[in-house]
Amino acid sequence: MLSFDVCECGAPLQRMERETPTPKGAEVVLKVIAAGVCHSDLHIWDGYYDIGGGQKLKLLDRGIKLPLTMGHENVGEVIAVGPDAKGVKVGDRRLIHPWMGCGECLVCKRGDENLCVKPCSVGIHRSGGFATHVLVPHPRYLFDITGIAPERAAPLACSGVTAYSALNKVKDTLSQEPVVMIGAGGVGLMALALHRKMGGKSAIVVDIDPAKREAAKAAGASHVIDAAAKDALDQIRALTGGGAWAVIDFVGAGPTVKLGVDATIKGGKVIVVGLFGGDVVVPTPFFPIKALTIQGSYVGSLTEIAELLDLVKRTGAPDVPIATRPLDQVNAALNDLRDGRIIGRVVITPQA
Ligand SMILES: [Zn+2]
Ligand SMILES: [Zn+2]
């Protein structure tokens with residue numbers, strides 16, 4: 001099998017050749033048909049998150065080992081199953097839920113493997129899909145995608161379930177109040193598409209990039225606001241009748257979280273999804289006076305990915321712009337993403 005691996009943080013991925021794995025126990029081996037390139041791949045590649053004040057949260061100190069095959073948004077076709085792998089057979093096309101935990105603890109047992117303290121996620125802690133083949137430890141991570149094109153299904157594993165889980169956290173107000181979304185990158189555009197399917201009233205999108213605002217408008221945003229405009233906050237307040245009940249921050253920079261907090265009405269929620277980095281100061285009296293909730297959201301659970309696929313099968317795949325590229329262009333795809341040249345999602349197609 002072939003893969004493109006991070007061998008040194010931030011250096012170009014290296015082409016590697018190794019033996020295709022043979023599944024043991026409940027393991028399943030798939031050939032990769034589609035592997036989405038995600039913004040968080042850039043952080044994994046760099047090897048750190050910026051946590052503000054010049055400090056870095058280093059991934060190599062958190063159990064990530066090199067060389068690493070990244071790629072956590074994968075659709076594959078089953079080519080071999082272990083003797084104990086039930087419910088899948090050779091030839092099945094499946095979306096891989098990448099957010100694996102230890103599988104043993106209470107958190108994992110209730111399906112929230114994405115919140116396990118011993119994560120074992122595909123493309124982060126274990127080999128991912130920037131490769132011709134991928135090994136999955138158990139069929140419970142494999143989801144049927146009948147009726148959904150592989151390159152449209154792949155991004156559901158990260159950007160899809162991340163957007164779905166964030167929207168799920170504000171579902172109480174979704175059908176009655178506009179939701180404010182900060183950042184119209186891959187996940188933001190996905191959220192915009194899913195928001196409609198989930199019965200959302202309307203979405204106001206805030207972004208500094210005119211091209212991304214344009215894309216958001218085309219994807220159904222009721223209003224778009226330039227985050228750099230001096231009156232951005234006033235515009236949000238005017239469009240939400242005094243303040244937003246729900247702000248979802250897909251950027252996660254200090255100033256965007258601050259904007260989110262300032263833009264909420266009493267009782268409002270800010271859901272932080274993006275990992276851009278930085279920090280934010282929130283006056284503590286805001287919490288009681290504004291009855292403020294700031295909640296983080298990290299990818300999604302097995303239950304949420306099942307719900308999301310059900311929603312997509314009923315209502316159609318989210319209409320997010322998708323461009324495909326062959327496996328040997330993965331470095332170029334990552335660089336384009338870093339330089340802000342991607343609208344929507346790039347999906348690597350290793351069999352093409
Ligand atoms: Zn991702
Ligand atoms: Zn666990």
Side-chain angles (χ1 to χ4, degrees), residues 36-59 62 64 72-73 99 114-115 119 121 124 155 158-170 179-192 194-195 203-209 212-213 215-216 221 224-228 232-233 236 244 246-264 268-282 286-287 292-300 304 320 334 337-340 342 344-345:
V37 181
C38 173
H39 228 280
S40 59
D41 288 318
L42 298 178
H43 295 290
I44 301 162
W45 188 19
D46 286 338
Y48 65 87
Y49 294 113
D50 171 5
I51 49 174
Q55 306 238 65
K56 291 174 175 179
L57 181 66
K58 290 207 176 112
L59 298 174
R62 296 173 58 84
I64 294 179
H72 52 267
E73 295 185 339
W99 313 113
N114 56 313
L115 302 180
S121 302
I124 300 172
C158 178
S159 89
V161 80
T162 298
Y164 181 83
S165 185
L167 287 163
N168 219 8
K169 290 179 173 70
V170 295
V179 58
V180 174
M181 300 182 184
I182 304 176
V187 185
L189 290 181
M190 181 67 88
L192 208 42
L194 290 176
H195 157 266
I204 299 160
V205 173
V206 184
D207 202 297
I208 49 171
D209 181 346
K212 298 219 166 84
R213 290 200 298 275
V224 293
I225 295 172
D226 180 357
L233 179 59
I236 298 173
V247 177
I248 305 178
D249 182 357
F250 294 107
V251 179
T256 58
V257 176
K258 168 118 184 18
L259 177 65
V261 168
D262 291 342
T264 49
K269 278 189 185 180
V270 179
I271 308 296
V272 183
V273 177
L275 284 160
F276 184 89
D279 52 18
V280 65
V281 174
V282 180
F286 276 21
F287 287 95
L292 172 67
T293 303
I294 303 178
Q295 185 176 5
S297 189
Y298 180 67
V299 298
E304 284 172 324
V320 173
L334 285 163
L337 186 62
R338 170 150 8 239
D339 297 341
I342 307 271
R345 215 60 167 175

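Values below: every heavy atom of this structure, side chains too, minus hydrogens, waters and symmetry copies.
For the pair Ala166 and Ile248, the tightest heavy-atom approach, listed with the atom from each and the gap, is CB-CG2, 3.9 Å. Contact detail for Pro155 and Arg345: the closest heavy-atom pair is CG-CG, 3.9 Å. The two atoms that bring Leu194 and Ala163 nearest to each other are CD1-CB, 4.0 Å, heavy atoms only. Across every non-hydrogen atom of Met190 and Ser159, the tightest pair is CE-OG, 3.3 Å.
For Leu115, the CG atom counts as densely surrounded, since its 6.0 Å shell holds more than 12 non-hydrogen atoms of other residues, nucleotides or ligands.
Taking Ala253 as the reference, Val251, Pro255, Thr256, Phe276 meet the side-chain contact (heavy atoms from CB on, under 4.5 Å) condition, with sequence neighbours excluded. Shown here are the side-chain hydrogen bond (donor to acceptor under 3.5 Å, both in side chains) partners of Asp262, two or more places apart in sequence or in another chain: Lys258. In terms of the side-chain contact (heavy atoms from CB on, under 4.5 Å) criterion, residue partners of Ala216 (sequence neighbours excluded) are, by chain and number, Ala184, Leu189, Leu192, Val205, Ala221, Val224. For His39, the ring pair (Phe, Tyr, Trp, His ring centres under 6.0 Å) criterion is met by no residue, not counting sequence neighbours. The side-chain hydrogen bond (donor to acceptor under 3.5 Å, both in side chains) test applied to Thr162 returns no partner, not counting sequence neighbours. Residues satisfying the ring pair (Phe, Tyr, Trp, His ring centres under 6.0 Å) criterion with His72, sequence neighbours excluded, are Trp99. Among residues two or more places apart in sequence or in another chain, the side-chain contact (heavy atoms from CB on, under 4.5 Å) test is passed with Lys269 by Val170, Ile271, Thr293, Gln295. Residues passing the side-chain hydrogen bond (donor to acceptor under 3.5 Å, both in side chains) test with Asp279: none are found, sequence neighbours excluded. The side-chain contact (heavy atoms from CB on, under 4.5 Å) check on Ser165 picks up Lys169, Ser297, Glu304, with sequence neighbours excluded.
Atom CG of Leu167 sits about 5.0 Å away from atom CE of Met181, to the nearest 0.5 Å. Put simply, SG on Cys158 and CD1 on Ile124 are 7.5 Å apart, with the number rounded to the nearest 0.5 Å. Summarising the geometry, atom CG belonging to Leu42 is positioned 11.5 Å from atom CG belonging to Leu275; distances are rounded to the nearest 0.5 Å. Ser40 contributes atom OG, which lies 7.0 Å from atom OH of Tyr298 (distance to the nearest 0.5 angstrom). Thr264 contributes atom OG1, which lies 8.5 Å from atom CZ of Phe286 (distance to the nearest 0.5 angstrom). Atom CD1 of Ile342 sits about 5.5 Å away from atom CG of Leu337, to the nearest 0.5 Å.
A salt bridge does not link Lys56 with Asp46: none of the charged nitrogens is closer than 4.0 Å to a carboxylate oxygen.
Residues Leu259 and Ile236 are in side-chain contact: their nearest non-hydrogen atoms beyond the backbone lie under 4.5 Å apart. The side-chain heavy atoms of Val161 and Asn114, taken from C-beta on, include no pair separated by under 4.5 Å.
In this structure, Arg213 contributes its side chain and Asp207 its backbone to a donor-acceptor pair below 3.5 Å.
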